[in-house]
Amino acid sequence: MRYVSWGAHSAEFTPWALSLIDPDPTVPAYEVLVLCAEASGELSPWLTVWAELRHPVADQNLAEAVREWEYDLLGDQLPWHSLENRDEMCAELAAWLIRHAPDRLRAHGASEELLHPIRLLSLPGPARWEDPHAPG
């Protein structure tokens, strides 16, 4: 059972959007995302806000999230404990990162080292681990 039932556009009006542009957050944005996703049972509205919010701090938060999540996602695991929809949310998060993260991280000046995990996510299992940039 969910704590609250949110409409499709409510993500825009929550502390979620503010957490993405806070330069000195008490809680990292990637942890706020977990709270929102678990409370609502879905990732889409929260990821949509992140995708549409063009701000340097939001891009920095994206870089931090990639660093935090990369090893779990490369192992096809959701980077947080969830009782519901683990596989679906993991696939959705990986697909969202593959689609949105590279351009934003490049524009933010991210190193190629940070971009490798995103590229690796797009590779099928064996190719992912045989790639020279796969984690060792």
Side-chain angles (χ1 to χ4, degrees):
M1 177 164 30
R2 299 281 164 231
Y3 178 71
V4 58
S5 178
W6 289 319
H9 299 289
S10 63
E12 301 169 35
F13 306 108
T14 66
W16 166 237
L18 295 175
S19 75
L20 289 171
I21 58 171
D22 185 344
D24 188 29
T26 303
V27 177
Y30 58 84
E31 289 184 15
V32 177
L33 175 65
V34 173
L35 175 67
C36 293
E38 290 300 311
S40 67
E42 57 187 350
L43 271 172
S44 294
W46 316 109
L47 293 176
T48 297
V49 170
W50 205 342
E52 293 173 354
L53 185 58
R54 298 299 180 165
H55 191 278
V57 176
D59 294 344
Q60 176 60 39
N61 284 322
L62 181 57
E64 290 173 12
V66 169
R67 282 187 209 95
E68 181 69 22
W69 296 336
E70 68 179 286
Y71 292 108
D72 289 318
L73 288 173
L74 287 172
D76 295 322
Q77 298 293 316
L78 188 64
W80 62 84
H81 180 71
S82 179
L83 297 176
E84 300 178 28
N85 305 323
R86 289 183 63 91
D87 294 338
E88 295 84 3
M89 282 199 281
C90 182
E92 182 178 0
L93 181 58
W96 184 84
L97 287 168
I98 290 165
R99 181 174 181 205
H100 294 280
D103 290 340
R104 289 184 74 165
L105 293 176
R106 278 188 196 97
H108 184 67
S111 68
E112 286 300 312
E113 182 180 336
L114 184 61
L115 292 166
H116 287 309
I118 305 301
R119 184 185 56 77
L120 291 171
L121 282 175
S122 67
L123 300 176
R128 182 181 297 171
W129 299 111
E130 293 166 2
D131 188 281
H133 295 102

**Student:** Quick one: do Leu73 and Val66 satisfy side-chain contact (heavy atoms from CB on, under 4.5 Å)? Show the steps, please.
**Tutor:** CA-CA 9 Å; Leu73 288 173; Val66 169; over 6 Å; no
**Student:** Can you name the nearest heavy-atom pair linking Ile118 to Pro102, along with the distance?
**Tutor:** CG2-CG, 3.6 Å
**Student:** Arg86 side chain to Gln77 main-chain N or O, any donor-acceptor pair under 3.5 Å?
**Tutor:** no
**Student:** Test of understanding: with ring pair (Phe, Tyr, Trp, His ring centres under 6.0 Å), list the residues that count as partners of His133, not counting sequence neighbours.
**Tutor:** His116
**Student:** Do Asp131 side-chain atoms and Ala127 backbone N/O form a donor-acceptor pair below 3.5 Å?
**Tutor:** no
**Student:** To the nearest 0.5 Å, how far apart are CG in Leu121 and CD in Glu70?
**Tutor:** 9.0 Å
**Student:** For Glu64, give me all partners under side-chain hydrogen bond (donor to acceptor under 3.5 Å, both in side chains), at least two apart in sequence or on another chain.
**Tutor:** Gln60
**Student:** Using the ring pair (Phe, Tyr, Trp, His ring centres under 6.0 Å) criterion, which residues pair with Trp96? Sequence neighbours excluded.
**Tutor:** Trp50, His100
**Student:** Crowded around Arg99 CZ? As in, over 12 foreign heavy atoms under 6.0 Å?
**Tutor:** no
**Student:** side-chain contact (heavy atoms from CB on, under 4.5 Å) with Leu20: which of Val32, Leu62, Asp59, Val49?
**Tutor:** Val49
**Student:** Could you measure the distance from the CZ atom of Arg106 to the CG atom of Leu114? Nearest 0.5 Å is fine.
**Tutor:** 10.5 Å
**Student:** Quick check: closest heavy atoms across Leu120 and Ala134, and the distance to 0.1 Å?
**Tutor:** CD1-CA, 3.8 Å
**Student:** Quick one: side-chain contact (heavy atoms from CB on, under 4.5 Å) partners of Ile21, sequence neighbours excluded?
**Tutor:** Leu53, His55
**Student:** In Å and rounded to the nearest 0.5 Å, what is the CG to CG distance from Leu74 to Asp76?
**Tutor:** 8.5 Å
**Student:** Is there a side-chain contact (heavy atoms from CB on, under 4.5 Å) between Trp69 and Leu33 once you walk through the steps?
**Tutor:** CA-CA 12 Å; Trp69 296 336; Leu33 175 65; 3.5 Å; yes
**Student:** Using 0.5 Å steps for rounding, measure from the CG atom of Leu43 to the CD atom of Glu38.
**Tutor:** 8.5 Å
**Student:** So Ser19 and Asn61, do their side chains get closer than 4.5 Å, heavy atoms only?
**Tutor:** no
**Student:** Taking a hydrophobic cluster as the set of Ile, Leu, Val, Met, Phe, Trp and Tyr residues connected by side-chain heavy atoms closer than 4.5 Å, whether directly or through intermediates, do Ile98 and Leu105 fall within one such cluster?
**Tutor:** yes
**Student:** Rounded to the nearest 0.5 Å, how far does CH2 of Trp129 lie from CG of Leu123?
**Tutor:** 10.5 Å
**Student:** Is the shortest side-chain heavy-atom distance between Glu84 and Met89 below 4.5 Å?
**Tutor:** no
**Student:** Same cluster for Val57 and Trp46 if Ile/Leu/Val/Met/Phe/Trp/Tyr side chains link at under 4.5 Å?
**Tutor:** no
**Student:** Would you find a donor on one side and an acceptor on the other, under 3.5 Å apart, between the side chain of Trp16 and the backbone of Cys36?
**Tutor:** no
**Student:** Going by the rule side-chain hydrogen bond (donor to acceptor under 3.5 Å, both in side chains), which residues pair with Thr48 if we only count those two or more places apart in sequence or in a different chain?
**Tutor:** none
**Student:** Not counting sequence neighbours, which residues clear side-chain hydrogen bond (donor to acceptor under 3.5 Å, both in side chains) with Glu92? List them please.
**Tutor:** Ser44
